[in-house]
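Both backbone and side-chain heavy atoms feed into the values below; hydrogens, waters and symmetry mates do not.
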Amino acid sequence: MALKRSSEIVKVGFSITEAGANTFTQTEIDLQLNPLDQEVFVVVAADLDPSAPQNIAGVNTQTAMSISSTSQTGFTNISNSNGIANAVLDIRQDGGSVTGVPFARSSLDSPVAALDYIAIISTSQFFCQIVGTGNTLARNGFGALWGYRARADAATYAALVQSEVLSA
């Protein structure tokens, strides 16, 4: 793969709020890549910070947040080829309980080995998704991608764009 780095590492921050409680919501974040120069964004790290689910007596609640290189119709788990990262916060309770047990799961916890990059975004945008379960109020989240701009040769750029678009 022929990529020529054209910038230093930059941080792209974003936020999202559910349209309503327990409603899948997605937002698009524009990277302003230049397709004429066959520019791509090489993601080296991702961080997601979803708000905690509500602690409601006897109710299991959850906040799930994900980012992907293509538009999605639901939460993106790590088995999705366009998924970049996700984070899930849960509170689990027995019926009638007033104190729940919190759990946190994140695709950011692994792998532990050093990687050159975790994703390559070849179109000019990426997408952030959030959805709650069992909450009475809308959940929100914050996130950041760290990466750098690079120029791809024509064959590499065409393959990256085709792979990203066709796997949507």
Subject >> Distance-only polar pair, side chains of T70 and N82, donor-acceptor under 3.5 Å >> reply: yes
I'd like to know if R139 and E18 make a salt bridge, using a cut-off of under 4.0 Å between side-chain N and carboxylate O. no
Taking every heavy atom of Y157 against every heavy atom of E39, the minimum-distance pair comes out as CE1-O, 3.8 Å
How about F126 and F14: are their ring centroids closer than 6.0 Å?
yes
Practice item. Establish, from distance only, whether the side-chain atoms of Q129 and N86 form a donor-acceptor pair under 3.5 Å. Key: no
message: Donor-acceptor check, side chain of Q26 to backbone of I130, threshold 3.5 angstrom: yes or no?
response: no
Between A144 and K11, the two heavy atoms sitting closest are CB-CE, 3.6 Å
Less than 3.5 Å apart, any donor N or O on the side chain of N140 or S51 sitting next to an acceptor on the other? yes
Exercise. State, without any angle test, whether Q72 and N80 hold a side-chain donor-acceptor pair at a distance under 3.5 Å.
Key: yes
In this structure, CD1 of I120 is separated from CG of L3 (nearest 0.5 Å) by 5.0 Å
Taken to the nearest 0.5 Å, the spacing of Q38 CD from K4 NZ works out to 13.0 Å
Fill in: Pair S124-D30, side-chain donor/acceptor within less than 3.5 Å
yes
